[in-house]
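Since the structure comes first, as structure tokens, the remarks are kept for the end.
All chains are named by letter (A, B, ...) in the order of the sequence lines, taking the proteins before the strands, and each is independently numbered beginning at 1. When reading the values below, keep in mind they use all heavy atoms of this one structure, side chains included, and skip hydrogens, waters and symmetry mates. Not measured: the values here are computed from a predicted model.
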There are 2 protein chains.
Amino acid sequence: MPSRTVSDHDLLDRLGTLFRSAGFDGASLADIAAATGLQKSSLYHRFPGGKQQMAAEVASAVGEQFASGILAPLASDRPVAERVELVARRLREFYDGGARSCVLDMLSIGDPGVSASEALAAAAAGWTAAFAAVAREAGADARTATARAQDAIASVEGALVLARVTGDRRPFTRAIDRLPSVLLGDH
Amino acid sequence: MPSRTVSDHDLLDRLGTLFRSAGFDGASLADIAAATGLQKSSLYHRFPGGKQQMAAEVASAVGEQFASGILAPLASDRPVAERVELVARRLREFYDGGARSCVLDMLSIGDPGVSASEALAAAAAGWTAAFAAVAREAGADARTATARAQDAIASVEGALVLARVTGDRRPFTRAIDRLPSVLLGDH
DNA sequence: GTCTATACGACGATAGAC
DNA sequence: GTCTATCGTCGTATAGAC
């Protein structure tokens with residue numbers, strides 16, 4: 001195993017941060033080289049498929065990290081309300097209170113390739129499934145649970161768009177605060 | 001007044017359609033020339049400020065058309081519920097049932113320039129004010145009305161992101177269907 | 001595995017004829 | 001007002017040395 005100056009994990013992490021702030025089209029290979037500390041040719045050694053492969057692997061990695069680092073508590077044995085509260089806190093942190101855009105948004109614009117698009121769709125599906133599972137626990141049928149999950153995710157995604165356009169992060173804060181009532185149907 | 005092969009209105013309309021589907025970075029001048037039927041140099045005659053000016057004027061035009069063509073009924077003398085229903089129908093049409101992305105999202109990524117960013121923020125503010133006005137009519141105080149307006153807009157914007165990523169337009173349909181209850185507080 | 005150097009097409013933008 | 005032709009730069013991607 002020859003030594004790598006940047007670990008795969010760190011590499012994907014820095015790529016993800018860049019893609020999330022600049023978008024797929026907005027992140028040039030020069031930007032990527034600067035952000036990762038690797039030269040363009042080294043990047044092609046790690047990602048023979050070029051920028052599209054970078055986007056695809058970032059989408060997969062973010063999806064997995066999101067599932068294991070943020071959504072995982074939803075499957076614990078704590079009380080439902082408590083689990084949702086914990087996820088809300090982690091989401092607030094992940095999006096830095098609404099200051100960071102979502103990779104689902106930023107990587108779905110432009111031409112990131114089929115693999116990246118599929119990975120984004122898979123990440124969205126995983127998020128939806130995790131949210132729907134707690135909605136089912138709260139008594140919702142499968143159809144309603146999925147709807148509540150999607151609506152909760154949409155409220156977060158939309159608030160992030162609004163924050164980027166207006167600079168107002170309060171809609172994001174409210175979307176996070178509303179998570180328990182939206183998912184658990186607690187009107 | 002020398003004749004123009006494409007009217008200002010049509011020009012901005014075609015530019016808007018392109019920016020909405022490709023984003024600011026994704027719409028190259030070659031794409032723009034193809035979409036408008038004008039050569040690049042002709043475009044610079046109409047928009048001396050280049051692509052950034054095109055984005056700024058599109059953002060302004062869409063904001064005005066949105067206000068006059070979609071939100072205007074909110075200020076009529078019909079019953080509140082009826083006005084909101086009408087706006088819901090027009091929003092559904094404007095976004096083609098969730099198939100089209102929002103210019104607020106697509107033009108706020110990349111470097112569209114200060115003028116475009118300000119025009120986008122103004123458009124978002126106008127949308128918010130129009131929605132908040134009907135919430136106030138329904139009895140909400142100013143603070144609550146603005147929150148309801150922002151939350152309603154966020155649910156639409158987020159549903160459009162979700163539709164682009166997953167292909168599922170049902171969240172958009174539900175966001176539109178929920179407009180009356182979200183704005184008027186009809187739980 | 002990473003580097004320097006380079007290919008070459010596409011990019012935004014401009015010059016000048018008509 | 002629109003066109004053809006072109007500028008210089010930056011884009012993605014590659015070749016080959018170390």
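Residue B:Ser42 has its side chain nearest to D:dC3 when only D:dC3, C:dG1, D:dG1 are considered. Taking every side-chain heavy atom of A:Tyr44 into account, D:dA13 is the closest of D:dA13, C:dT2, D:dT2. Checking C:dG1, D:dT2, D:dT4 against every side-chain atom of B:Ser41, the shortest atom distance belongs to D:dT4.
For residues 47-59 of chain B, proximity to DNA chain D is found at no residue, defined as any non-hydrogen atom under 4.0 angstrom from a strand atom. A heavy atom lying under 4.0 Å from DNA chain C marks the following residues of residues 22-35 of chain B, by number: B:Ala27, B:Ser28, B:Leu29.
Judged by distance alone, the side chain of B:Lys51 and the main-chain N or O of B:Ala27 form a donor-acceptor pair under 3.5 Å.
Taking a cutoff of 4.0 Å between a charged side-chain nitrogen and a carboxylate oxygen, A:Arg78 and A:Glu85 do not qualify as a salt bridge. The pair A:Asp105-A:Arg20 does not meet the salt-bridge criterion, since no charged nitrogen lies less than 4.0 angstrom from a carboxylate oxygen.
If you take CD of B:Gln39 and P of D:dC3, they are 5 Å apart, rounded to a whole angstrom. One can place NZ of A:Lys40 at 8 Å from C1' of D:dG11, the figure rounded to the nearest angstrom. When the C1' atom of C:dC11 is taken as reference, atom CG of B:Leu43 falls 14 Å away, rounded to whole Å. The distance between atom CZ of B:Arg46 and atom P of D:dG1, rounded to the nearest whole Å, is 7 Å.
The phosphate of D:dG1 (OP1 or OP2) has a side-chain N or O of B:His45 nearer than 4.0 angstrom.
Looking at residues two or more places apart in sequence or on another chain, you find a ring pair (Phe, Tyr, Trp, His ring centres under 6.0 Å) between A:Phe66 and A:Phe94, A:Trp127.
Note: A:Phe172 and A:Tyr95 have perpendicular aromatic rings, judged against thresholds of 30 and 60 degrees for the angle between ring planes.
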